[in-house]
Enquirer: 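Here's a structure for you.
Values in this document were obtained by computation on a predicted structure and should not be read as measured data. Throughout, numbering of the chain's residues begins at 1 and tracks the sequence. Note that ligands are numbered from 1 as they come in the structure, with each ligand's atoms numbered from 1 the same way.
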Amino acid sequence: MEAHKETGQEYKLGYGLLAAVFAILLIAFFRILFQVRSPIEVLLDRLLTLIPMRWFESLLGFFGGYAKPFAYLVAVLVAIVGGGLFLLIARFLSSTFGTTLRKTFSILCLALAILLAILVLSLGSSPSTLALTLGAVFVYYAGVQYFVSSSQAPKKDVADSSRRRFLRQLGATVIGVAAAGIVVSIIQRLLSQATITSTGKASGNMPEPFTPNDEFYVVSKNILDPNVDSTSWKLRIGGLVQKPFELTLDEIKQLPPVEQDQTLECISNPVGGDLISNAKWKGIRLRDLLEQVQVREGVIDIKFTCADGYTESIPLEKAMEPTVLLAYEMNGEQLPSKHGSPLRLLVPNIFGMKNVKWVERIEAVNEDYKGYWQQQGWSDIATIQTMSQIRVPASNSEIQIGEETEIAGIAFAGSRGINKVEVSTDAGKTWQTAQLDPEIGPLCWRFWRYRWTPESEGYYTLVVRAQDGEGNWQTEERQPTLPSGATGYHSIQVRVTGSSQ
Ligand SMILES: Nc1nc2c(c(=O)[nH]1)N[C@H]1C(S)=C(S)[C@@H](COP(=O)(O)O)O[C@H]1N2
Ligand SMILES: [Mo]
C-alpha cells in the first residue's frame with residue numbers, strides 16, 4: 001500500500017477491513033481456546049429469535065444442516081465489511097464537522113464499544129463475552145491506527161517501531177481482556193450477593209422439584225438489600241380496621257402454622273428464562289390476622305410496606321384466600337435474608353412481584369393502591385401466564401441419529417395447574433403429547449418428559465406448549481415481559497448428526 005500523505009486520505013477502506021480481520025481473529029482465539037461465547041454468536045442468536053418461526057423454517061429448509069454455520073459466516077463477513085465502512089463513515093463525519101480524522105475515528109470507536117457493551121449486556125451475556133467484545137473493538141481501533149501511522153511513515157524503521165507498538169498493543173489487549181473478565185466476574189458475584197438478579201440454573205439440566213435455598217432465584221429492586229434484625233422487628237397491622245395491633249416474630253410463630261409448596265416466578269422472566277423456582281414454605285394465613293384486626297366496610301386493597309421501601313397491594317378478596325401466607329420458613333430452614341427474612345408474603349397464582357419480602361406493615365385501604373412496580377407500568381393483577389420450557393437437551397446440543405433422547409422440562413400455570421403438555425420436533429407443524437410427572441403440589445410447577453428418536457440428520461426446532469387446568473392453551477403470541485409477563489412458546493434448536501463410530 002502506498003503512503004498517501006494528504007490528510008483525509010490515509011484512513012483507507014482496506015485498513016478497516018484488515019483491522020476487523022484482526023479483531024475477528026482475537027474473537028476466534030478466545031472462542032476456540034477458552035470457549036468464550038463471542039459477541040457475534042450472542043447477537044446472531046438474538047436476531048434469529050426475532051425472525052418469525054416460519055421464515056426460520058424455510059431458511060432451514062433451504063440451507064439444511066448448514067444454516068447456522070452459514071449464518072455465522074455471513075455475520076463474520078458483515079463484521080469485516082463493517083470494519084471497512086466504519087472508516088468511510090469516520091472520513092465523512094470528519095469532513096462534515098471539520099474535526100481531525102484521528103479524533104473522529106477515536107470517538108466513533110468509543111461509541112461503538114459502548115453500544116456493543118450495552119447490547120451484549122442487555123442480552124444477559126457473561127462477563128467474559130463483554131470483555132471479549134471490548135477487546136475486539138480495541139484491537140480494531142489499534143489495528144487501524146497502526147496501518148495509518150505506518151502508511152504515513154516516510155522511513156522503514158518508523159514502520160518497524162509502529163509494528164512493534166501494534167504487537168505490544170495486541171499482547172496487552174489479550175492480557176487486558178483476560179484481566180477484565182476476572183474483574184467483571186468478581187464485581188458480578190458481589191452484585192449478585194447484593195441481589196440484583198437471579199442465580200437460577202441454566203438450561204441443559206432438569207431442576208430439582210424443590211429448589212435448594214441457595215439456588216432459588218433472587219430478584220429485588222435494591223442494589224443492597226435490607227438486613228432486618230428479626231429480634232427487634234415487629235409486624236404492624238392497621239389502616240381501616242377496628243383493632244390494629246403489632247406482632248413480634250415469636251408471637252407470629254405461636255399462631256397456627258400452615259405449610260405450603262409453591263412455585264414463584266418473576267414477571268420479568270422471559271420465555272425460556274430461569275427466574276422461576278419452587279420451595280416448601282411455612283408460615284401463617286394472612287386471613288387469620290385480618291380476621292383478628294377486623295377489616296372495616298369499604299376496604300378494597302390490602303397494602304404491604306417493606307423494609308426496603310417497597311410497596312404492593314392485593315385485593316381484599318384475594319388476601320382472604322386460605323393459600324395467601326406470611327412465611328417465615330423456606331425448605332425447612334429459617335427464611336434466608338435475601339428471600340425476605342423475617343417475613344414474606346406468598347400469593348399463589350400471582351407473579352413474584354406481589355410476593356413481597358421483608359414485610360413491616362400491613363394496611364387495609366379503601367382504594368385500588370398502586371405499588372412500586374405498578375407505578376412504573378407493570379400489571380396490577382399480575383396473574384401467572386401459563387408457561388412451559390424445554391430444559392433438556394440444552395439448546396444447540398448435538399444428538400445422535402437413531403438414539404432415543406429425552407426431551408424434558410417444566411410447565412407452570414400458578415394455581416390453575418397443568419392439564420397437558422405437548423412437544424413438537426418440527427418447529428410447531430405437528431405436536432405430540434408429553435408425559436407428565438406426578439404433581440409436585442397444586443401450586444407448583446409440573447415436570448414433563450417426551451422420548452424422541454430422530455431419524456434423519458439436520459437441524460431441528462423443538463417447541464413446547466402447555467394447557468392449564470382450566471383447559472386453556474398457553475398463548476402462542478410473543479409478548480414482552482412488560483406489562484403482564486412474557487408469553488409465547490419456548491423453542492430450542494438441536495442438531496442431529498450421524499452416528500460416530
Ligand atoms: N420488599 C421487596 N419485596 C420484593 C421485591 C423487592 O424488590 N422488594 N421484589 C419482588 C420481585 S419482582 C420478585 S420476582 C420476588 C422474588 O422473590 P425471591 O427473590 O425470593 O425469589 O420478590 C418480590 N418481593
Ligand atoms: Mo419479579
Side-chain angles (χ1 to χ4, degrees), residues 191-201 207 210-228 230 233 235-236 260-270 273-283 286 302-314 324-331 333-363 369-385 387 412 414 443-445 480-486:
L191 282 179
S192 83
Q193 272 167 11
T195 60
I196 254 194
T197 182
S198 99
T199 52
K201 265 191 187 164
F210 291 93
T211 318
N213 286 356
D214 56 355
E215 283 171 28
F216 201 99
Y217 88 88
V218 177
V219 171
S220 87
K221 68 171 180 65
N222 315 306
I223 304 275
L224 272 169
D225 281 337
N227 211 334
V228 182
S230 54
W233 172 89
L235 178 67
R236 288 182 288 150
Q260 181 164 294
D261 300 345
Q262 188 190 320
T263 297
L264 282 191
E265 184 188 7
C266 182
I267 195 165
S268 301
N269 196 27
D274 64 3
L275 298 178
I276 181 168
S277 306
N278 185 51
K280 287 179 183 293
W281 309 92
K282 183 174 168 185
L286 175 60
I302 300 298
K303 174 187 165 188
F304 303 86
T305 308
C306 308
D308 58 345
Y310 190 83
T311 55
E312 258 301 352
S313 71
I314 53 172
V324 175
L325 306 187
L326 290 162
Y328 49 77
E329 263 185 41
M330 180 177 182
N331 288 324
E333 290 165 29
Q334 196 203 313
L335 188 65
S337 184
K338 61 185 175 181
H339 293 294
S341 150
L343 198 68
R344 84 170 300 164
L345 184 69
L346 289 171
V347 198
N349 215 33
I350 292 187
F351 277 116
M353 183 172 70
K354 298 218 172 215
N355 292 245
V356 301
K357 308 192 268 195
W358 313 288
V359 191
E360 283 184 336
R361 195 142 54 96
I362 300 177
E363 281 167 283
Y369 179 80
K370 302 278 181 258
Y372 182 85
W373 290 114
Q374 282 85 64
Q375 290 165 21
Q376 296 171 51
W378 292 83
S379 167
D380 192 16
I381 304 169
T383 307
I384 300 273
Q385 304 268 13
M387 62 83 87
F412 183 51
L443 306 174
C444 301
W445 55 15
T481 53
L482 184 78
S484 304

Enquirer: Specify the protein heavy atom at minimum distance from atom 8 (N) of ligand 1: its residue, its atom name, and the distance to 0.1 Å.
Expert: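 Going atom by atom, the protein heavy atom closest to atom 8 (N) of ligand 1 ends up being D308 OD2, 2.7 Å.
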
Enquirer: What protein heavy atom lies closest to atom 14 (S) of ligand 1? Include the residue and the distance to one decimal.
Expert: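 The closest heavy atom on the protein side is Y217 OH, 3.2 Å.
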
Enquirer: Quick one: which of G352, P336, A382 has a heavy atom closest to atom 13 (C) of ligand 1?
Expert: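 Among G352, P336, A382, the closest heavy atom to atom 13 (C) of ligand 1 belongs to G352.
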
Enquirer: Using heavy-atom distances, let me know which of E265, K338, E360, R344 sits nearest atom 20 (O) of ligand 1.
Expert: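 That would be R344.
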
Enquirer: List the atom of F351, the atom of T383, and the distance in Å for their closest heavy-atom pair.
Expert: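 Heavy atoms only, the tightest pair is CE1-O, 3.3 Å.
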
Enquirer: Side-chain contact, heavy-atom cut-off 4.5 Å: K354 with S313?
Expert: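 Sidechains of S313 and K354: in contact.
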
Enquirer: Give me the nearest non-hydrogen protein atom to atom 9 (N) of ligand 1 as residue plus atom name, then the distance to 0.1 Å.
Expert: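 Ranked first by proximity to atom 9 (N) of ligand 1 is V219 O, 3.5 Å.
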
Enquirer: Closest non-hydrogen protein atom to atom 10 (C) of ligand 1, residue and atom name please, with distance?
Expert: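 Atom 10 (C) of ligand 1 sits closest to the protein heavy atom Y310 OH, 3.5 Å.
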
Enquirer: Which atoms from ligand 1 have a heavy atom of H339 less than 4.0 Å away?
Expert: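 The list of qualifying atoms is 18 (P), 19 (O), 20 (O), 21 (O).
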
Enquirer: Can you confirm, on distance only, whether ligand 1 has an N/O atom lying under 3.5 Å from any N/O atom belonging to K357?
Expert: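 Yes: some nitrogen or oxygen of K357 is under 3.5 Å from one in ligand 1.
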
Enquirer: What pairs with E360 under salt bridge (Lys or Arg N to Asp or Glu O under 4.0 Å), at least two apart in sequence or on another chain?
Expert: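 E360: no salt bridge (Lys or Arg N to Asp or Glu O under 4.0 Å) contacts found.
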
Enquirer: Mark up the atoms of ligand 1 that fall under 4.0 Å of a heavy atom belonging to C306, in ascending order.
Expert: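 Near C306, meaning under 4.0 Å from one of its heavy atoms, ligand 1 has 1 (N).
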
Enquirer: Flag the pair L345 / V324 as yes when at least one side-chain heavy-atom distance between them is below 4.5 Å, and no otherwise.
Expert: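 With C-beta onward as the side chain, the pair touches.
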
Enquirer: Just by modelled atom types, is the A486 backbone N or O under 3.5 Å from a matching donor or acceptor in the N269 side chain?
Expert: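 Answer holds: no.
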
Enquirer: Using a strict 4.0 Å cut-off to heavy atoms of W358, name the atoms of ligand 1 that fall inside it.
Expert: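 By the 4.0 Å cutoff, the relevant atoms are 1 (N), 2 (C), 8 (N).
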
Enquirer: Looking at atom 7 (O) of ligand 1, what's its closest protein heavy atom, distance included?
Expert: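 Ranking protein heavy atoms by distance from atom 7 (O) of ligand 1, first comes K221 N, 2.8 Å.
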
Enquirer: What pair of heavy atoms forms the shortest contact from A382 to M353, and how long is it?
Expert: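 In this case the closest contact between A382 and M353 is CB-CE, 3.5 Å.
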
Enquirer: Just jot down the ligand 1 atoms closer than 4.0 angstrom to any heavy atom of C266, in number order.
Expert: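 Counting atoms of ligand 1 from 1, those under 4.0 Å from C266 are 14 (S).
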
Enquirer: Any idea which part of S220 is under 4.0 Å from ligand 1, heavy-atom wise: side chain, backbone, both or neither?
Expert: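 Both parts.
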
Enquirer: Run the numbers for me: atoms of ligand 1, each under 4.0 Å from some heavy atom of N355, listed by number.
Expert: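 Heavy-atom distances to N355 below 4.0 Å select 22 (O), 23 (C), 24 (N).
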
Enquirer: May I ask you to list the atoms of ligand 1 that are less than 4.0 angstrom from any heavy atom of F216?
Expert: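 By the 4.0 Å cutoff, the relevant atoms are 21 (O).
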
Enquirer: Does the cation-pi check pass for K357 over Y310, that is, NZ or CZ under 6.0 Å from the six-membered ring centre and within 45° of its axis?
Expert: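 That pair does not qualify as a cation-pi contact.
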
Enquirer: Look at the side chain of W373 and the backbone N and O of E312, then say whether any donor-acceptor pair between them is shorter than 3.5 Å.
Expert: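 No, the answer is negative, given that no donor and acceptor are paired below the 3.5 Å cut-off.
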
Enquirer: Write down the atom of L346, the atom of A327, and the distance for their closest heavy-atom approach.
Expert: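 For L346 versus A327, the nearest heavy atoms are CD1-CB, 3.8 Å.
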
Enquirer: Less than 6.0 angstrom separating the ring centers of W233 and Y328, yes or no?
Expert: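 Not under 6.0 Å, so no.
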
Enquirer: Heavy-atom contacts with V218 under 4.0 Å: which atoms of ligand 1 show up? List them by number with element.
Expert: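 Every atom of ligand 1 under 4.0 Å from some heavy atom of V218: 19 (O).
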
